[in-house]
Number of protein chains: 2
Amino acid sequence: MGSNTKEVMVTEQQKHQKSNDASPQERTLKRAISDADKDVRRSEILAAAKRVFSTKGFHSTTIADIAKDANLSYGSIYWYFDSKDALFHELMTVEEQALKDYIYAARKDATTRPDQSFQAAVQATFEFFEADKALVKLLFRDSYALGDRFEAHLFRIYEGFVGDVEAVVTHYQEKGEIIDAPPHLVAFSIAALITEFAHRRLETDDGLPASVVADFVIKLLLEGLLPRRKDRSSGQSN
Amino acid sequence: MGSNTKEVMVTEQQKHQKSNDASPQERTLKRAISDADKDVRRSEILAAAKRVFSTKGFHSTTIADIAKDANLSYGSIYWYFDSKDALFHELMTVEEQALKDYIYAARKDATTRPDQSFQAAVQATFEFFEADKALVKLLFRDSYALGDRFEAHLFRIYEGFVGDVEAVVTHYQEKGEIIDAPPHLVAFSIAALITEFAHRRLETDDGLPASVVADFVIKLLLEGLLPRRKDRSSGQSN
DNA sequence: CCTAATAGATTGACGTATCAGTCAGCATAG
DNA sequence: CTATGCTGACTGATACGTCAATCTATTAGG
């Protein structure tokens with residue numbers, strides 16, 4: 001409203017002027033020319049997306065939020081990713097790979113070092129999740145409200161995770177360290193406890209340190225998994 | 001576009017005309033005049049909301065979806081509820097009450113009937129969730145993508161649930177049926193396994209019946225919770 | 001017992017805000 | 001000078017919440 005005679009004649013240059021005096025410290029972004037630079041920029045966007053998604057959830061996160069967190073403009077996100085969905089899918093894939101890498105390393109350790117026990121393997125996995133709670137939120141919590149578009153992807157990731165845990169379980173079953181309960185159900189139970197505790201502790205942050213909680217979960221699991229002998233790591237509680 | 005001379009003069013009666021021949025069976029809704037009728041209508045809306053929310057998730061559900069499912073018009077939802085948020089909050093509260101009622105009944109049973117065991121209490125809770133998977137989705141899964149507005153409410157509900165389970169755990173600890181592990185952590189573990197399995201089985205629907213899964217979880221828990229005796233429910237697996 | 005008037009339950013089109021995705025233009029490295 | 005990384009205003013679509021109009025059950029009046 002008002003006298004819009006002038007506004008109509010505004011030029012593109014004027015519209016695109018930037019306030020050069022507002023925040024001069026973070027201005028003039030270095031351009032990503034080489035492929036290496038572009039990979040870095042992609043990673044920066046993914047890192048920003050991980051932060052924002054895990055904080056606000058998928059639907060409450062806007063592309064503008066991610067752009068702001070990554071110190072980029074809105075449009076630049078679309079220079080590197082086709083859509084919000086594509087960005088989230090890629091983020092899931094990247095995070096899944098980190099998880100897989102970790103599990104595989106743990107399995108390798110387990111088969112290589114003879115002193116490694118089932119307890120150590122589970123504890124290490126537990127601490128891995130404790131160290132990256134954003135990953136827990138992204139991969140194991142957001143699934144539902146995300147709708148059909150992501151359900152299949154998240155389901156596959158979870159299946160893969162449980163499958164990897166199952167391989168560890170089978171390994172120790174063959175060694176006779178734990179009983180021959182159905183390995184898939186055992187693996188799923190372990191996954192459930194790890195993800196729920198990781199999720200939980202990042203909500204409430206009670207006084208308990210991660211190691212104490214991990215010890216508890218492992219003891220709870222082991223007492224049910226250890227074969228019945230006279231005294232084999234009998235848990236003196238309290 | 002086109003000759004809109006007549007359309008402009010359309011009367012309100014014409015705009016509100018209903019297609020009397022299209023679907024005559026569900027037309028002419030009976031009005032809710034009495035307080036009892038209004039309560040029924042509210043409940044119908046809540047039931048419709050539960051169905052749609054648990055199917056599509058919070059953000060993907062529109063008021064139009066709920067209205068359609070409840071056989072009401074869009075505007076009528078707002079006659080009974082102030083906003084989508086208020087509707088969801090009330091739904092959470094109603095579902096929480098159903099959960100509380102169930103747990104309290106189970107506890108009463110447990111203290112009254114001497115033959116009731118810890119196993120029976122846990123198994124009953126497990127089956128309760130299995131029977132109402134929509135509740136699991138609503139109360140224990142949607143929390144994240146819902147954002148700050150509901151996190152506190154959902155957190156309170158979960159805390160209450162764990163607290164109730166904890167009371168059951170303490171009860172059986174006093175009876176000496178299970179060891180004196182930290183009751184809150186034990187309760188949280190039970191809650192984690194129940195909700196995760198209920199959630200999981202409604203995703204994959206593998207061949208396993210609920211009773212088999214419940215048996216497995218209980219056995220896994222018990223082997224860790226039973227005091228060390230000679231032979232007390234030793235699990236001959238396979 | 002029938003008809004008119006009132007209350008309040010019901011409807012759906014509209015206003016408005018949000019946000020994903022587009023695009024025309026700007027700016028810098030080579 | 002040119003290619004292309006980068007920008008942010010703009011567009012279209014979606015969906016919440018509002019509201020004036022409509023309809024029906026109940027009451028008041030003849």
Side-chain angles (χ1 to χ4, degrees), chain A residues 7-8 10-20 22 26-42 44-45 49 52-53 56-68 70-89 147 149, chain B residues 7-8 10-20 26-42 44-45 49 52-53 56-68 70-88 147 149:
Chain A
E7 277 96 292
V8 167
V10 89
T11 66
E12 286 302 322
Q13 285 91 322
Q14 285 171 314
K15 274 168 60 177
H16 281 269
Q17 72 187 339
K18 56 180 77 169
S19 54
N20 279 333
E26 198 55 89
R27 272 306 17 130
T28 59
L29 175 75
K30 188 148 192 301
R31 293 190 152 184
I33 305 293
S34 70
D35 282 6
D37 283 348
K38 287 201 263 191
D39 282 352
V40 168
R41 182 92 356 126
R42 275 181 75 88
E44 285 170 355
I45 294 174
V52 184
F53 277 136
K56 309 178 68 171
F58 181 78
H59 280 98
S60 298
T61 296
T62 68
I63 298 294
D65 291 332
I66 297 170
K68 197 173 185 180
N71 276 319
L72 286 174
S73 73
Y74 186 93
S76 288
I77 306 298
Y78 284 92
W79 180 262
Y80 288 94
F81 297 93
D82 287 342
S83 66
K84 187 184 178 184
D85 276 21
L87 172 55
F88 193 79
H89 272 301
R149 306 193 305 274
Chain B
E7 277 95 292
V8 167
V10 90
T11 65
E12 286 301 325
Q13 284 92 321
Q14 282 171 314
K15 274 169 58 178
H16 281 270
Q17 74 187 340
K18 55 182 78 165
S19 55
N20 280 333
E26 199 55 272
R27 267 316 4 138
T28 59
L29 175 76
K30 191 150 192 299
R31 291 193 156 186
I33 304 294
S34 70
D35 281 6
D37 283 347
K38 287 202 265 192
D39 282 352
V40 169
R41 182 95 351 132
R42 276 181 75 88
E44 285 170 355
I45 294 174
V52 184
F53 277 135
K56 310 178 66 173
F58 181 79
H59 280 97
S60 299
T61 296
T62 68
I63 298 295
D65 291 332
I66 297 170
K68 198 173 182 180
N71 277 317
L72 285 174
S73 73
Y74 186 93
S76 287
I77 306 299
Y78 284 92
W79 179 262
Y80 289 93
F81 297 93
D82 288 341
S83 66
K84 188 183 177 184
D85 276 22
L87 172 56
F88 193 79
R149 306 194 302 275

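Atoms considered below: every heavy atom in the structure, side chains included; atoms not considered: hydrogens, waters and symmetry mates. A note on names: the letters A, B, ... follow the listed sequences, proteins ahead of strands, and every chain is numbered from 1.
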| said: Distance check needed: D:dG8 P versus A:D65 CG, whole Å only. | reply: 16 Å
| Closer than 4.0 Å, any side-chain N/O of B:S73 to the OP1 or OP2 of C:dT10? | no
| query | OP1, OP2 of C:dT10 versus side-chain N and O of B:Y80: anything below 4.0 Å? | reply | yes
| request: Look at the side chain of A:Y74 against the base of C:dA20 and say whether a donor-acceptor pair falls under 3.5 Å; ignore hydrogens and angles. | output: yes
| Aromatic plane relationship, B:H59 with A:H59 - under 30° parallel, 30 to 60° tilted, over 60° perpendicular | parallel
| field | Atom pair distance, as rounded to whole Å: CD1 in B:I63 and P in D:dG17 | value | 6 Å
| request: Among D:dC6, D:dG17, C:dA9, find the nucleotide with the atom closest to the side chain of B:W79. | output: C:dA9
| field | Gap between atoms CZ and P, on B:R149 and D:dC16 respectively (whole Å) | value | 11 Å
| Between atom NZ in B:K84 and atom C1' in D:dT18, what is the gap in whole Å? | 17 Å
| field | Under 3.5 Å donor-acceptor, B:K84 side chain and B:T61 backbone | value | yes
| Minimum side-chain heavy-atom gap A:D85-A:F58 below 4.5 Å | yes
| query | Could you give the NZ-to-C1' distance, from A:K56 to C:dC19, as a whole number of Å? | reply | 12 Å
| Side chain to side chain, B:L87 and B:Y80, heavy atoms closer than 4.5 Å | no
| message | Applying a 4.0 Å non-hydrogen cut-off, can you work out what A:T61 is touching in the nucleic acid: base, sugar-phosphate, or nothing? | response | sugar-phosphate
| said: Between P on D:dT4 and CG on A:D35, what's the gap in Å once rounded to a whole number? | reply: 12 Å
| task | Indicate whether OP1 or OP2 belonging to C:dC19 is found under 4.0 Å from a side-chain N or O atom of A:T62. | result | no
| Are any of B:R41's side-chain N or O atoms less than 4.0 Å away from OP1 or OP2 of C:dT10? | yes
| query | Would one find a side-chain N or O of A:K38 under 4.0 angstrom from OP1 or OP2 of D:dG5? | reply | yes
| B:I77 CD1 to D:dC16 P, straight-line distance once rounded to whole Å | 11 Å
| message | Within the 4.5 Å heavy-atom criterion, are A:E44 and A:L72 side-chain neighbours or not? | response | no
| note | Residue pair A:G75/B:D82 against DNA chain D: nearer the 5' end by closest nucleotide is A:G75
| When you match A:S83 and B:K30 each to their closest nucleotide on DNA chain C, which lands nearer the 5' end? | B:K30
| field | Distance in angstrom units between A:K68 NZ and D:dT7 C1', rounded | value | 16 Å
| query | For the base of D:dT24, is there a side-chain donor-acceptor partner from B:R31 under 3.5 Å away? | reply | yes
